[in-house]
Amino acid sequence: MFTLSSIVDFNLQPNKISRRNNNEKTFPKPLFFPEECLQEIFSYFSNDASTLSKCLLVNKFWFKNAASILWKSPFDKLQNPSAKLIETYLKFLDIRSKTVLSQIGIFSSYPSSYSSFSTPEFKYAQYVKTLHYKGLYESACAFIFGNNCRPKDLKGEKKCLTLVRELSLFLIRKCPSIYIISYDTEEIDFFVQDIYLSSLTLMPEVYHLFKRVRKLNCGGKYKKGSLMNVMSSYCKNLTSLELNFYEFDMYLDGDRKEPSKMSSLLLEQEDLRNLIIRGPFRFLTEFLTPLESQSKSLSLIHFERVQFNNLLLLESVTTCKNLETMIFIDCMNLNDETLAPLASTSFLRLKKLIFKNAHKSRLDNLARLIQRTKGSLREIRFRRREFKNMVIRNVPDIPINVTKTISICCPNLIIFEGHLEKETMPHFLTLLNTTFLEKLYISLEFKKNFEFFRSQVAFQLPDTLNHLSISIREQFSVKDLEQFLELCSAPLISLQFPQSSFIDDNYLDVITEFAKQVGTLKKVAFSKNSLITEKGIQKAKQSISFVKKNGEEKV
């Protein structure tokens with residue numbers, strides 16, 4: 001497994017110090033990489049702030065390249081609000097902003113050093129690419145009121161929002177590389193709605209930001225139509241629009257102007273490629289009516305927790321025949337009737353279909369949708385069964401007619417995910433023989449699991465298969481696993497059993513022997529509740545580089 005510690009030692013020990021003479025010490029130098037290579041390496045640690053922070057300390061060259069990743073989205077994906085981030089950015093504010101904040105007691109409430117400190121040499125702000133409002137707001141709250149505290153009254157909220165506004169304007173002015181805006185406030189309840197957003201839209205700098213923004217995330221307990229309508233006059237180059245609706249959006253006092261205001265932003269886009277909609281919205285059909293304006297450019301559409309009350313919602317999608325990705329997750333009322341519009345359209349460029357929803361035993365229109373792609377699909381994902389959250393019994397996760405259609409009409413499939421039952425097994429075996437699968441993620445629930453492990457499934461796994469993950473709860477024997485792997489000729493790179501808590505070192509020994517024989521297996525992962533010991537893991541690592549019991553690893 002690649003780690004930065006293999007390149008540079010972050011914990012230099014005294015015995016590693018060499019001496020040229022009694023007065024001079026030298027430390028081991030980190031290996032030199034061209035800037036492009038170092039950026040590529042650091043990109044693998046974009047979500048690992050701890051490692052990147054250590055890289056800042058190596059030398060100025062590493063500092064510059066690590067900082068550009070560490071500080072590109074400082075308020076996004078914070079585990080906890082960060083008052084220290086606010087402190088850092090306060091040091092860069094100009095006299096005008098400091099005066100504004102002093103008037104509301106921001107500086108006067110804290111040590112005098114805040115108003116007199118010198119501006120740091122390193123300009124952290126120059127690397128920011130994402131303006132993430134929620135993280136900024138919550139960090140400002142932590143700075144003013146302490147961790148896990150929110151304003152208790154309107155005065156406190158205005159104080160917090162003034163700080164957020166000044167910091168936002170600073171970032172907008174000093175960060176010409178910002179191209180992502182997240183105005184998703186999620187479940188935050190403001191005393192006064194829109195107090196922050198309305199104040200920002202009056203600033204000329206914000207209009208320039210709107211012109212260059214490429215990705216917009218909009219959501220929360222406020223009327224998003226007003227914001228989107230203002231943005232529509234300037235923001236015309238979006239490639240990705242994400243709308244997150246909450247329960248608030250189901251009760252807008254009959255405000256029928258909201259969807260038309262929101263649609264104005266959609267209509268003005270010149271090259272929108274991704275449209276992501278999460279959560280229920282009363283007027284979603286009206287908002288999507290002008291979707292035809294983006295029919296040529298739109299390549300991805302994602303519905304999650306959306307309520308489908310009629311056919312009209314998906315009729316607008318049928319105009320987007322260039323779609324390459326179509327995603328439906330946990331949607332309500334997404335049945336065979338509401339899917340009807342998609343069944344009459346040929347999406348000949350569709351490569352990825354994700355359908356993870358509760359449904360009845362037959363979905364004929366979904367099968368027709370797959371059939372009319374004419375073999376373009378390369379990835380299909382259905383919901384696997386998570387045995388801690390059992391789905392309704394006797395209802396197949398993948399209808400038999402859909403599985404049959406996939407096995408016949410998807411010869412170019414390379415990724416498949418779903419739940420298998422006895423009724424769908426014949427079509428699954430056909431799927432193995434008619435495709436060139438590279439990744440296979442399945443869950444099983446047979447009363448007698450040996451029927452799967454002692455069947456010809458392993459023998460029929462295609463020789464293109466590199467990654468196999470089997471979620472199974474009922475126990476199978478070590479001998480069953482051994483026989484399964486003996487029949488498997490696929491050059492597996494990863495093998496995972498993320499939900500089998502009964503697996504112990506004896507099973508791992510069998511997998512290790514398989515790894516020695518095939519010579520390709522590099523990663524195995526098991527349930528965190530499995531019985532595999534640390535001793536067994538260390539023994540397996542002599543033949544397999546990555547062995548963990550953390551649940552399923554992404555591949």
Set of residues satisfying side chain to side chain donor-acceptor pair (under 3.5 Å) with respect to [X], sequence neighbours excluded:
| X | value |
| --- | --- |
| S232 | none |
| E247 | none |
| E138 | K134, R150 |
| T533 | D505 |

Pairs flagged by salt bridge (Lys or Arg N to Asp or Glu O under 4.0 Å) wherever residues 264-281 is involved - sequence neighbours left out: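 Pairs touching residues 264-281 that pass the test: K236-E268, E242-R278, D271-R273, R278-E304.
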Can you list the residues that meet the side-chain contact (heavy atoms from CB on, under 4.5 Å) rule with [X], with sequence neighbours excluded?
| X | result |
| --- | --- |
| L468 | L440, L461, L465, I470, F484, L492, L495 |
| F170 | Y89, F92, L93, A125, K174 |
| S240 | K215, N274 |
| S293 | L267 |

Partner residues of D330 under the salt bridge (Lys or Arg N to Asp or Glu O under 4.0 Å) criterion, sequence neighbours left out: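 Scan of D330 (salt bridge (Lys or Arg N to Asp or Glu O under 4.0 Å), adjacent residues dropped) gives R383.
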Residues Y137, F190; criterion ring-ring contact (aromatic ring centres under 6.0 Å, His included); working and verdict: CA-CA 11 Å; Y137 173 82; F190 295 105; 5.3 Å; yes
Spatial distance of atom OG1 (T130) from atom CD1 (I181) [nearest 0.5 Å]: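 Interatomic distance, T130 OG1 to I181 CD1, rounded to 0.5 Å: 10.0 Å.
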Value rounded to 0.5 Å, distance of CG in L275 from CG in L266: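 L275 CG to L266 CG: 6.5 Å, rounded to 0.5 Å.
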Side chain to side chain donor-acceptor pair (under 3.5 Å) evaluation trace for S226 with N229: CA-CA 5 Å; S226 299; N229 189 44; over 6 Å; no
N-O pairing of R96 and E166 below 4.0 Å: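 Salt bridge flag = yes for E166 with R96.
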Note: K221-E187 ion pair, threshold 4.0 Å (strictly below):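 So K221 pairs with E187 through a salt bridge.
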Contacts of type ring pair (Phe, Tyr, Trp, His ring centres under 6.0 Å), residue Y246, not counting sequence neighbours: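 If we apply the ring pair (Phe, Tyr, Trp, His ring centres under 6.0 Å) test to Y246, skipping adjacent residues, there are no hits.
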Test ring pair (Phe, Tyr, Trp, His ring centres under 6.0 Å) applied to Y441 - qualifying residues, sequence neighbours left out: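 With sequence neighbours excluded, Y441 shows a ring pair (Phe, Tyr, Trp, His ring centres under 6.0 Å) to no residue whatsoever.
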